[in-house]
Novice: 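Okay, here's the structure, questions in a sec.
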Amino acid sequence: MTGFIPMDETHALFETRRQKMLALREKGVDPYGQRFDVTGSIGAVRERFAEGHCERIAGRITAHRDMGKSHFLDLTDSTGRIQIFIHAKEVGPEAYEIFKLLDMGDFLGIEGEAFITKTGEPTLRVKTLNVLSKALRPLPDKWHGLSDVETRYRQRYLDLLANPESKTVFKQRIAIVREIRRFLEERGFLEVETPMMQPIAGGAAAAPFKTHHNALSMDLFLRIAPELYLKRLLVGGFEKVFELNRNFRNEGVSRRHNPEFTMLEVYQAYADFQIMADMVEEMVTTVAEKVIGTLKIDHKDSEGNVLRTIDLTRPWRRASYRDLIEEAVPGWFSLTPEQRREKCHAMHVELSPEMADFEVTQHVFEKLVEEKTFNPCFVTHCPKELVPLAKQNLANPDVVDVYELIINGQEISPGYSELNDPIVQRQRLEDQAGEEKQNIDDDFLTALEHGMPPAGGVGIGIDRLVMMLTGAESIRDVVLFPHMKPRA
RNA sequence: GGGUUGGUAGCUCAAUGGUAGAGCAGCGCCCUUUUAAGGCGUUGGUUGUGGGUUCGAGUCCCACCCAACCCA
């Protein structure tokens, strides 16, 4: 079912709980309580469990086993679950009346004495109980959980409560981001913050979101990349900088695209794309080992069968764009543009008629190389038309000194020897802009004209990196609150 | 944008065109050591929305909404 239209407030399940909430108030109990000082987290209490000790814990009621006058409940917090035992005679009639107004999902703080039940379960015998929060809506089924993907995305909090593996992925994402920051900071990179609202959305080719600044009476764009500002910092004397934050692109959503996504960009003065490739290789393997604990990442289907295992073991393959295409389609570069179109037809690679020849080649690359490359591969020396912000190769001016890192059939990270010639840069941006000259960031070009050191730069799409490392098949499984159309 | 599949109770799922059901949750009762506790009973539905075909539609047809997957 859709699961999203929430039950309305007259629904019996809601009304029953609301009445209990009101009954608590009538007894002088605030159903939305205050600070509750615990002696430890539930995990810690379990860890040091000793019969006879008194503990104060807080958490959600996640199970209730009713034995008549005695009750066993599970209390759960972020560190674990513990059983508590409530007996009518031991807590007294007043507390027992309050207890009867509780439901699964309510937050409870209790003080109790540790003991072990017959069945060997560490348990706290409740002495006093405090209502911390009354849940007016039921939580997902304790046994079947929450499987409806639409509800999992729209009401992520329910997914996090019901599906521990979902929570694990997000904790891994957090750890990945943390380890990336640590890795860069240990190497002397400074994390900077540059504008998310830009007068001209530069640094990539993508449709921007538009907004408006009232006081300044000007349109602004949410950034599609931080690149042009980070390069201004290279001009300004910052030599090793990075930014790890959100970009916005006003394009479709798909398994691999969310309109806002997290990007890492790193720039290092006096370096080149090869140095940056080395760094990315070291960074990703370091993060994988620390967070995932292995360099062999299993990707599974919905039934849990391993579809493929991505092997991150170093050294990663490096091969030129040209060589990889020749590998996939021998003789490709000796064909005429017409022959290439025919070849595509024969190979069932669909083309649109308006594609330029370099785009036909790029399409072949995407279909026959990128989508079939699962273990890491640095694709180097791409055609210059594809990359307007990188240095041309000294030996072959038709290609640029860049890599494109492919893992899991997706672009994970581009790396450049950054173009620092302001005259060439202006020309390349003008060629790319075509008629739309107003999209050229003159302030950036002015900055370049003051001198930018040669530099290596990389971008890493964090969402796709997390997908690759956690085995997620959809970006929505690694973004806490993915964009969805409103239900109503 | 196109194609395919799906949307039934709070959750997880059933239901040849012929009375909309089960388990869990809820509610009531029994039970003082349970572990998805158990037993007995019971409430709960505009079957995504709107039309149509039919004696009769959850089921067939059309349009729309939302989602997943594939394609562009």
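We name chains A, B, ... by the order of the sequence lines, and we start the count at 1 in each one.
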Novice: Partners of E47(A) by salt bridge (charged side-chain N to carboxylate O under 4.0 Å, His left out), sequence neighbours excluded?
Specialist: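 If we apply the salt bridge (charged side-chain N to carboxylate O under 4.0 Å, His left out) test to E47(A), skipping adjacent residues, there are no hits.
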
Novice: Base of U35(B), side chain of T119(A) - is there a donor-acceptor contact under 3.5 Å?
Specialist: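 Per atom types, the contact qualifies.
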
Novice: With P as the reference atom in both, quote the distance from G51(B) to U43(B) in angstrom, rounded to an integer.
Specialist: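 G51(B) and U43(B) have their P atoms separated by 31 Å.
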
Novice: With sequence neighbours left out, what residues match D103(A) under side-chain hydrogen bond (donor to acceptor under 3.5 Å, both in side chains)?
Specialist: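 D103(A): side-chain hydrogen bond (donor to acceptor under 3.5 Å, both in side chains) contacts with K20(A), K134(A).
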
Novice: Using a cutoff of under 3.5 Å, can you pull out all pairs of nitrogen or oxygen atoms linking the protein to nucleotides 24-26 of chain B, with atom names and distances?
Specialist:
| from | atom 1 | to | atom 2 | distance (Å) |
| --- | --- | --- | --- | --- |
| C24(B) | O2' | D141(A) | OD2 | 3.4 |
| C24(B) | O2 | D141(A) | OD2 | 2.9 |

Novice: In chain order, what residues pass the salt bridge (charged side-chain N to carboxylate O under 4.0 Å, His left out) check against K210(A), with sequence neighbours excluded?
Specialist: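 Checked K210(A) against salt bridge (charged side-chain N to carboxylate O under 4.0 Å, His left out); matches are D219(A).
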
Novice: How close do L312(A) and A288(A) get, counting heavy atoms only, and between which atoms?
Specialist: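 Closest pair (atom of L312(A), atom of A288(A), distance): CD1-CB, 3.9 Å.
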
Novice: Hunt down the Watson-Crick or G-U wobble partner of A22(B), both distances under 3.5 Å, from any strand shown, or write none.
Specialist: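 Because both required distances fall under 3.5 Å, A22(B) counts as paired with U12(B).
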
Novice: Taking the six-membered ring of F36(A) as reference, does the cationic atom of R56(A) (NZ for Lys, CZ for Arg) lie under 6.0 Å from its centre and within 45° of its axis?
Specialist: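 The answer is yes, since R56(A) meets both limits relative to F36(A).
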
Novice: When both hydrogen-bonding distances must be under 3.5 Å and the geometry is Watson-Crick or G-U wobble, what is G17(B) paired with, if anything?
Specialist: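 G17(B) is paired with nothing.
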
Novice: U47(B) and C29(B): how far apart are their C1' atoms, nearest whole angstrom?
Specialist: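 Approximately 33 Å lies between the C1' atom of U47(B) and that of C29(B).
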
Novice: In whole Å, what is the span from the CD1 atom of I116(A) to the P atom of U35(B)?
Specialist: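 Going from CD1 in I116(A) over to P in U35(B) covers 17 Å.
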
Novice: Within residues 70-80 of chain A, which residues have any heavy atom lying less than 4.0 Å from an atom of RNA chain B?
Specialist: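 Heavy-atom cutoff 4.0 Å gives S70(A), F72(A).
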
Novice: Is the distance from the ring center of Y321(A) to that of F365(A) below 6.0 Å?
Specialist: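 Yes; F365(A) has its ring centre under 6.0 Å from that of Y321(A).
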
Novice: In terms of relative ring orientation, are F273(A) and H381(A) parallel, tilted or perpendicular, with 30° and 60° separating the classes?
Specialist: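 Answer is perpendicular, since the angle exceeds 60°.
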
Novice: U12(B) base to S147(A) side chain: any donor-acceptor pair below 3.5 Å?
Specialist: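 A donor-acceptor contact between them is absent.
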
Novice: Quick one: does NZ or CZ of R322(A) land under 6.0 Å from the six-membered ring centre of F333(A), within 45 degrees of the ring axis?
Specialist: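 Cation-pi check for R322(A) and F333(A): passes.
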
Novice: Counting any heavy atom closer than 4.0 Å, what does G145(A) reach on the DNA or RNA strands: base, sugar-phosphate only, or nothing?
Specialist: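 If one applies the 4.0 Å heavy-atom cut-off, G145(A) turns out to touch the sugar-phosphate alone, with no base involved.
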
Novice: Got F378(A) and W316(A) here, is their nearest side-chain heavy-atom distance under 4.5 Å?
Specialist: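 Contact flag for F378(A)/W316(A) side chains = yes.
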
Novice: Provide the Watson-Crick or G-U wobble partner of C69(B), both distances under 3.5 Å; none if there is no partner.
Specialist: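 Check on C69(B): paired to G3(B), both distances under 3.5 Å.
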
Novice: Would you mind telling me which residue lines up with the more 5' stretch of RNA chain B, F85(A) or H11(A), judged by nearest nucleotide?
Specialist: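 The answer here is H11(A).
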
Novice: If you take any heavy atom closer than 4.0 Å to RNA chain B, which residues from residues 121-128 of chain A end up in contact?
Specialist: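 Per residue number, the list reads E121(A), R125(A).
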
Novice: Go through the N and O atoms of the side chain of D66(A) and the base of C31(B), and report whether any donor-acceptor pair is under 3.5 Å.
Specialist: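 Under the 3.5 Å cut-off, the side chain and the base do form a donor-acceptor pair.
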
Novice: If you measure from the C1' atom in G17(B) to the same atom in G58(B), how many Å do you get, rounded?
Specialist: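 It comes out at 11 Å once rounded to the nearest Å.
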
Novice: Under the salt bridge (Lys or Arg N to Asp or Glu O under 4.0 Å) rule, what pairs show up with a residue in residues 26-41 of chain A, not counting sequence neighbours?
Specialist: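 Salt bridge (Lys or Arg N to Asp or Glu O under 4.0 Å) check on residues 26-41 of chain A returns R25(A)-D30(A), R35(A)-D37(A).
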
Novice: Whole angstroms only, please: what is the CG-P distance between L101(A) and C27(B)?
Specialist: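 Between P of C27(B) and CG of L101(A): 10 Å.
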
Novice: Ring centroids only, cut at 6.0 angstrom: are F261(A) and H483(A) within range, meaning strictly under it?
Specialist: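 F261(A) vs H483(A): aromatic centres not under 6.0 Å.
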
Novice: How does each nucleotide of nucleotides 67-72 of chain B score, in 5' to 3' order, for protein heavy atoms under 4.0 Å: base (B), sugar-phosphate only (S), or none (-)?
Specialist: SSSS-S

Novice: Could you give the distance separating U5(B) and G52(B) at their P atoms, to the nearest angstrom?
Specialist: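 One P to the other, the span is 25 Å.
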
Novice: Between F85(A) and F72(A), what is the ring plane arrangement, given parallel below 30°, perpendicular above 60°, and tilted in between?
Specialist: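 Taking F72(A) first and then F85(A), their aromatic rings sit tilted (interplane angle of 30° to 60°).
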
Novice: Taking only the C1' atom of each, what is the distance from G28(B) to A68(B) in whole angstrom?
Specialist: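 Here G28(B) and A68(B) have their C1' atoms 41 Å from each other.
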
Novice: Find the distance I82(A):CD1 to U35(B):P and express it as a whole number of Å.
Specialist: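 One finds 18 Å between P of U35(B) and CD1 of I82(A), rounded.
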
Novice: NZ of K69(A) versus P of C29(B): gap in Å, rounded?
Specialist: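 In whole Å, C29(B) P lies 12 Å from K69(A) NZ.
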
Novice: With sequence neighbours left out, write down each residue that passes side-chain hydrogen bond (donor to acceptor under 3.5 Å, both in side chains) with H363(A), or none if nothing qualifies.
Specialist: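 With sequence neighbours excluded, H363(A) shows a side-chain hydrogen bond (donor to acceptor under 3.5 Å, both in side chains) to no residue whatsoever.
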
Novice: Return the value, rounded to whole Å, for the distance between atom CE of M67(A) and atom P of A36(B).
Specialist: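 Result: 13 Å.
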
Novice: Taking atom types as they are modelled, would you say the side chain of K118(A) forms a donor-acceptor pair with the base of U34(B) within the 3.5 Å cutoff?
Specialist: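 A donor-acceptor contact between them is absent.
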
Novice: Give me the distance, rounded to whole Å, that separates G10(B) from U34(B) when you measure between the P atoms they each carry.
Specialist: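 Their P atoms lie roughly 34 Å apart.
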
Novice: Sequence neighbours excluded, which residues qualify as salt bridge (charged side-chain N to carboxylate O under 4.0 Å, His left out) partners of E404(A)?
Specialist: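 E404(A): no salt bridge (charged side-chain N to carboxylate O under 4.0 Å, His left out) contacts found.
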
Novice: Please report, rounded to the nearest Å, how far the P atom of U47(B) is from the CG atom of D148(A).
Specialist: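 Checked: the CG to P distance equals 19 Å.
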
Novice: Rounded to the nearest angstrom, tell me the gap between atom CZ in R137(A) and atom P in A9(B).
Specialist: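 Answer to the nearest Å: 15 Å.
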
Novice: Rounded to the nearest Å, what distance is computed from the CZ atom of residue R152(A) to the P atom of nucleotide G7(B)?
Specialist: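 To the nearest whole Å, that distance equals 18 Å.
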
Novice: On a whole-Å scale, what distance lies between the P atoms belonging to C65(B) and C27(B)?
Specialist: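 My reading of the P atoms in C65(B) and C27(B) gives 40 Å.
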
Novice: What residues form a salt bridge (charged side-chain N to carboxylate O under 4.0 Å, His left out) with E371(A), not counting sequence neighbours?
Specialist: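 Here the qualifying residues are K367(A).
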
Novice: If we take the P atom in both G1(B) and C55(B), what is their distance in whole Å?
Specialist: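 About 39 Å, rounded to a whole number of Å.
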
Novice: Both distances below 3.5 Å, Watson-Crick or wobble geometry, any strand: find the nucleotide opposite G41(B).
Specialist: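 C27(B) is the nucleotide pairing with G41(B).
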
Novice: Keeping to residues at least two apart or across chains, list the salt bridge (Lys or Arg N to Asp or Glu O under 4.0 Å) pairs with something in residues 63-73 of chain A.
Specialist: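 Matches after skipping sequence neighbours: R65(A)-D74(A).
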
Novice: With a 3.5 angstrom cut-off on both distances, give the Watson-Crick or G-U wobble partner of G58(B), or none if there isn't one.
Specialist: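 Per the H-bond distance test, none.
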
Novice: Does a nitrogen or oxygen in the side chain of R65(A) sit under 4.0 Å from OP1 or OP2 of U34(B)?
Specialist: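 Result: no.
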
